[in-house]
Amino acid sequence: MTGGVLEQQQNTIWYDEASRLVFAELVNVFYARELPKLAELSDHTRLQRLLNSLPYYVERAATHIIHGDVPLELDSFNGCWLAKQKSQPKCDDAANAAFFTTKVKVGLVVPVLYADSTGTTVRLDSVDQVGEADKLHCNQFGWFSVSGNSLQASDEARVQLLKPTKALMTAACCGHTWYFGKAVVPRRLTLREMLLASAINWPQVQKTKTSQRS
C-alpha cells in the first residue's frame with residue numbers, strides 16, 4: 001500500500017468518530033505490544049530498520065481491522081478478537097495431504113498447530129513456496145510435508161501444518177490456547193499475525209484473496 005492510499009483511507013476513517021476511537025486504541029495497543037520486543041534487540045542496524053517500518057505496519061493493521069477484514073468480535077482496547085473457545089484441534093494427515101497436494105497456492109494463509117512448554121496454540125503463517133517431492137514452505141515455520149509434518153528440526157516446539165478451516169482460523173485469530181487439553185488464557189497475536197489475519201479469505205478460507213489491500 002502506498003503512503004497516499006493509506007493516508008486517504010485514514011482520512012476517511014476520521015469522519016467516523018467511533019472508527020476514530022477504535023483506530024487510536026488499536027494503534028496504542030500495537031505500539032505497547034511491539035516496542036518492548038524491539039527494546040530487547042542488540043542489533044542496532046536491525047533495530048533501526050524495524051523502528052522505521054513500525055509506524056507503517058501498525059497503521060496498516062489498524063486500518064485493515066477497521067475496514068472489517070476479520071468477521072470476529074473485536075476488543076479494540078486490548079487489540080484482540082474474541083470468540084468462544086472450542087476443544088483443542090487434532091491433526092488429520094489424510095485430510096492435510098489431500099488438500100496440500102492439489103489445492104494449495106502460494107500466498108495462502110494457513111493454520112499451524114504450535115505446542116511448547118507453555119501450551120498448544122494455533123498460529124497463522126503463509127505459504128511462500130510449493131516445492132517438489134511432496135513438500136511446501138511457510139514463511140515463518142519453514143518446510144512441511146503435504147501431510148502437515150514439519151521438516152524443520154526444533155527443540156523448542158512441535159509444529160504441525162493443518163488444512164485451513166474457519167474454526168481453525170478463528171482459533172488462530174483469537175489466540176486460543178490449551179494446556180494439557182484444557183482451555184487457558186488466550187495469547188496475544190503479534191503484529192505480523194494481525195496483518196496475516198486481514199489476508200484471510202474468510203468466505204473461502206482454503207483460497208487466497210483475489211483482491212486485497214496491500
**Report entry** Within residues 86-135 or reaching into it, pairs that qualify as ring pair (Phe, Tyr, Trp, His ring centres under 6.0 Å) - sequence neighbours excluded
**Finding:** Tyr114-Phe141
Query raised in the report: Is a donor on one side and an acceptor on the other found under 3.5 Å between the side chain of His176 and the backbone of Ala83?
Result: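 Between the backbone of Ala83 and the side chain of His176 there is a qualifying donor-acceptor contact (under 3.5 Å).
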Query raised in the report: Do any N or O atoms from the side chain of Arg33 and from the backbone of Asn78 form a donor-acceptor pair under 3.5 angstrom?
Result: yes
With a cut-off of 3.5 Å and sequence neighbours excluded, list every side-chain donor-acceptor pair involving residues 21-32.
{"residue": "Glu25", "atom": "OE1", "partner": "Ser76", "partner atom": "OG", "Å": "2.4"}
{"residue": "Asn28", "atom": "ND2", "partner": "Ala24", "partner atom": "O", "Å": "3.2"}

Report task. Hey, could you give me the CG/CG distance between Asn149 and Asn96, rounded to the nearest 0.5 Å? Result -> 8.5 Å
Query - Rounded distance [0.5 Å steps], OG in Ser198 versus NE2 in His67 - result: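 Separation between the atoms: 11.5 Å.
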Are [X] and [Y] side-chain neighbours, meaning at least one heavy-atom pair lies under 4.5 Å?
| X | Y | result |
| --- | --- | --- |
| Leu191 | Val58 | yes |
| Phe180 | Gln88 | no |
| Gln129 | Leu136 | no |
| Trp202 | Leu72 | yes |

Using the rule that two of Ile, Leu, Val, Met, Phe, Trp, Tyr join whenever any of their side-chain heavy atoms come within less than 4.5 Å, decide whether [X] and [Y] are in one cluster.
| X | Y | result |
| --- | --- | --- |
| Val146 | Leu108 | yes |
| Leu82 | Leu74 | no |
| Leu113 | Leu196 | no |
| Val122 | Val109 | no |
| Leu35 | Leu195 | yes |

Report task. Evaluate side chain to side chain contact (heavy atoms under 4.5 Å, CB included) for Tyr57 paired with Met194, printing each intermediate quantity in order. Result -> CA-CA 10 Å; Tyr57 287 111; Met194 298 297 284; over 6 Å; no
Query - Derivation of the side chain to side chain contact (heavy atoms under 4.5 Å, CB included) call for Val70 and Ile200 - result: CA-CA 8 Å; Val70 178; Ile200 296 171; over 6 Å; no
Report task. For a side chain to side chain contact (heavy atoms under 4.5 Å, CB included) with Thr121, tell me which candidate from Val112, Asp116, Thr177 qualifies. Result ->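 That would be Thr177.
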**Report entry** Trp178 to Pro89 - nearest heavy-atom pair and separation
**Finding:**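 Reported closest heavy-atom pair: CH2-CD, 3.6 Å.
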Requested in this report: Any pair with a residue in residues 134-145 that passes side-chain hydrogen bond (donor to acceptor under 3.5 Å, both in side chains), sequence neighbours left out, goes on the list, sorted by first then second residue, please.
Outcome: Asp128-His137, Asn139-Arg192, Gln140-Arg192, Ser145-Ser147
List the atom pairs, donor and acceptor, that lie under 3.5 Å between side-chain atoms in residues 161-175 and the rest of the protein, sequence neighbours left out.
{"residue": "Thr165", "atom": "OG1", "partner": "Leu168", "partner atom": "N", "Å": "3.1"}
{"residue": "Thr170", "atom": "OG1", "partner": "Lys166", "partner atom": "O", "Å": "2.8"}

Extract all donor-acceptor atom pairs below 3.5 Å that involve side chains of residues 183-190 and protein atoms in other chains or at least two apart in sequence.
{"residue": "Arg187", "atom": "NH1", "partner": "Glu193", "partner atom": "OE2", "Å": "3.2"}
{"residue": "Arg187", "atom": "NH2", "partner": "Glu193", "partner atom": "OE1", "Å": "2.8"}
{"residue": "Thr190", "atom": "OG1", "partner": "Glu193", "partner atom": "N", "Å": "3.1"}
{"residue": "Thr190", "atom": "OG1", "partner": "Glu193", "partner atom": "OE1", "Å": "3.3"}

Result block: side-chain N/O donor-acceptor pairs under 3.5 angstrom for residues 37-50, not counting sequence neighbours:
{"residue": "Asp43", "atom": "OD1", "partner": "Thr45", "partner atom": "N", "Å": "3.1"}
{"residue": "Asp43", "atom": "OD1", "partner": "Arg46", "partner atom": "N", "Å": "3.2"}

Requested in this report: Could you give me the CA-CA distance, side-chain angles and deciding distance for Ile66 and Asp16, then say whether side chain to side chain contact (heavy atoms under 4.5 Å, CB included) is met?
Outcome: CA-CA 11 Å; Ile66 291 174; Asp16 182 339; over 6 Å; no
